[in-house]
Amino acid sequence: MIYRTLSQVEYKDLESRILYEDNHLLVIFKKTGEIVQGDKTGDEPVGEKYKAFIAMRDSKPGQVFMGIPHRLDRPVCGITVFAKTSKALERMSAMFREGDVHKTYWALVCSRPDPADGLLEDWLVRNEKMNKSFICKDPGRHKDAKIARLEYRTLGSTDRYWLVEVNLMTGRHHQIRCQLSGHGFCIKGDLKYGAPRSNRDGGISLMARHISFIHPVRKTPVEITAPVPSDWKGVYGL
């Protein structure tokens with residue numbers, strides 16, 4: 001298998017974004033706008049970039065295995081986990097599916113959350129054609145409605161935005177984006193869910209900030225925290 005040759009700048013960038021790595025897992029910081037898995041745009045997925053990186057770094061002549069146990073939406077940045085072995089992929093996929101991976105997100109929102117901390121519980125319905133989820137007030141009339149729960153707390157603010165920490169209790173399509181917007185505090189830059197204006201980079205101010213789980217092979221605790229993007233500086237003393 002021959003992978004493309006990375007420029008020195010790209011190689012250093014990919015290297016700098018590795019948050020954790022061993023023989024079974026690779027955890028990286030995904031930038032806003034990168035895709036985890038190939039789509040109709042034809043853009044290169046970040047996993048393919050890391051295949052080329054590992055092939056160069058390790059002088060690996062054969063194929064580089066890079067499994068995808070979970071996905072992070074294109075406009076979202078932060079922690080993304082890849083599996084470097086089939087065993088790790090199978091086990092991590094099951095852990096994500098069964099809720100054994102604990103994820104914390106940070107979001108900059110456009111309105112003051114009221115109350116400042118709380119539990120949100122809603123029924124969500126996904127519209128495939130629009131690639132959007134909606135809060136359903138009458139789940140009995142929608143057989144595809146799924147319960148969605150998250151906890152949030154307000155960490156700080158600027159004169160225009162509020163920093164909210166979110167702990168997911170379920171994993172639904174666009175759950176954080178849909179629920180926060182539905183309760184009156186949409187995410188900065190998220191035009192699809194009601195933000196008044198876009199971000200300069202075309203993304204939204206939502207990041208996968210922290211993740212914890214038991215290593216799928218070593219059975220030891222793993223905890224990883226992502227760095228804060230530079231354009232978030234000034235919020236909550238960041």
Side-chain angles (χ1 to χ4, degrees), residues 13-37 45-47 49-51 53-54 65-109 117 119-120 148-155 163-180 187 203-230 232 235-236 238:
D13 172 64
L14 292 170
E15 184 178 48
S16 71
R17 293 196 276 138
I18 296 175
L19 303 176
Y20 175 92
E21 185 179 12
D22 60 24
N23 291 337
H24 298 279
L25 299 176
L26 174 69
V27 183
I28 62 107
F29 183 92
K30 186 188 86 67
K31 293 180 178 179
T32 298
E34 290 182 317
I35 56 174
V36 175
Q37 191 172 35
V46 67
K49 297 178 183 179
Y50 275 97
K51 284 183 181 181
F53 171 83
I54 290 174
F65 184 90
M66 193 69 65
I68 305 173
H70 78 126
R71 292 160 184 79
L72 204 59
D73 290 344
R74 184 170 198 150
V76 181
C77 67
I79 296 171
T80 304
V81 181
F82 292 102
K84 295 170 65 179
T85 64
S86 57
K87 178 189 293 186
L89 175 61
E90 180 181 359
R91 294 179 181 179
M92 284 301 303
S93 297
M95 289 165 64
F96 273 105
R97 187 170 56 249
E98 294 166 10
D100 294 328
V101 179
H102 305 287
K103 296 171 286 184
T104 300
Y105 291 79
W106 276 9
L108 293 180
V109 298
D117 310 322
L119 168 68
L120 302 184
R149 299 184 183 89
L150 63 78
E151 293 180 327
Y152 74 90
R153 64 187 182 111
T154 304
L155 300 179
L163 177 63
V164 174
E165 182 176 86
V166 175
N167 287 302
L168 281 178
M169 302 167 73
T170 55
R172 308 305 182 201
H173 176 260
H174 289 182
Q175 180 180 338
I176 297 175
R177 301 167 67 181
C178 180
Q179 285 194 277
L180 296 192
I187 296 170
I204 65 176
S205 297
L206 176 64
M207 70 173 299
R209 169 66 169 168
H210 183 83
I211 193 169
S212 63
F213 55 90
I214 299 300
H215 194 285
V217 180
R218 298 179 176 179
K219 304 304 181 183
T220 55
V222 177
E223 289 205 28
I224 302 165
T225 300
V228 179
S230 59
W232 288 40
V235 182
Y236 190 54
L238 300 175

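Along the sequence shown, residues carry numbers from 1.
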Only distances under 3.5 Å count here; give the side-chain donor-acceptor pairs of residues 86-97 to other protein atoms, sequence neighbours excluded, each with its distance to 0.1 Å.
from: Arg91; atom 1: NH1; to: Pro216; atom 2: O; distance (Å): 2.9
from: Ser93; atom 1: OG; to: Leu89; atom 2: O; distance (Å): 2.7

>> For Lys103, give me all partners under salt bridge (charged side-chain N to carboxylate O under 4.0 Å, His left out), at least two apart in sequence or on another chain.
In response: none
> Shortest non-hydrogen contact from Tyr50 to Leu14?
Replying inline: OH-O, 2.7 Å
>> Nearest 0.5 angstrom please: Thr80 OG1 to His70 NE2, how far?
In response: 5.0 Å
> What's the shortest heavy-atom distance between Ile79 and Ile224, and which atoms?
Replying inline: CD1-O, 3.4 Å
>> How long is the straight-line distance from CZ of Arg149 back to CG of Leu119, given to the nearest 0.5 Å?
In response: 8.0 Å
> Roughly how far apart are Asp73 CG and Arg177 CZ, rounded to 0.5 Å?
Replying inline: 6.0 Å
>> For a quick test of reading the model, state the closest non-hydrogen atom pair linking His215 to Val222 and the distance between them.
In response: CB-CG2, 4.0 Å
> With Glu15, which residues qualify under salt bridge (charged side-chain N to carboxylate O under 4.0 Å, His left out), at least two apart?
Replying inline: Lys12
>> Applying side chain to side chain donor-acceptor pair (under 3.5 Å), can you list everything that pairs with Arg17, at least two apart in sequence or on another chain?
In response: Asp13, Glu34
> Of the non-hydrogen atoms in Pro227 and Leu19, which two are nearest, and what is the gap between them?
Replying inline: CD-CD2, 3.9 Å
> Who pairs with Thr85 by side chain to side chain donor-acceptor pair (under 3.5 Å), at least two apart in sequence or on another chain?
Replying inline: His24
> Can you name the nearest heavy-atom pair linking Val76 to Ile204, along with the distance?
Replying inline: CG2-CD1, 4.0 Å
> Side-chain donor-acceptor pair under 3.5 Å between Thr104 and Glu165, yes or no?
Replying inline: no
> Is the backbone N or O of Tyr152 less than 3.5 Å from a side-chain atom of Asn167, with the two atoms forming a donor-acceptor pair by type?
Replying inline: no
> Between Ile54 and Met66, which heavy-atom pair has the shortest distance, and what is it?
Replying inline: CD1-CE, 3.6 Å
> What pairs with Arg71 under salt bridge (charged side-chain N to carboxylate O under 4.0 Å, His left out), at least two apart in sequence or on another chain?
Replying inline: none
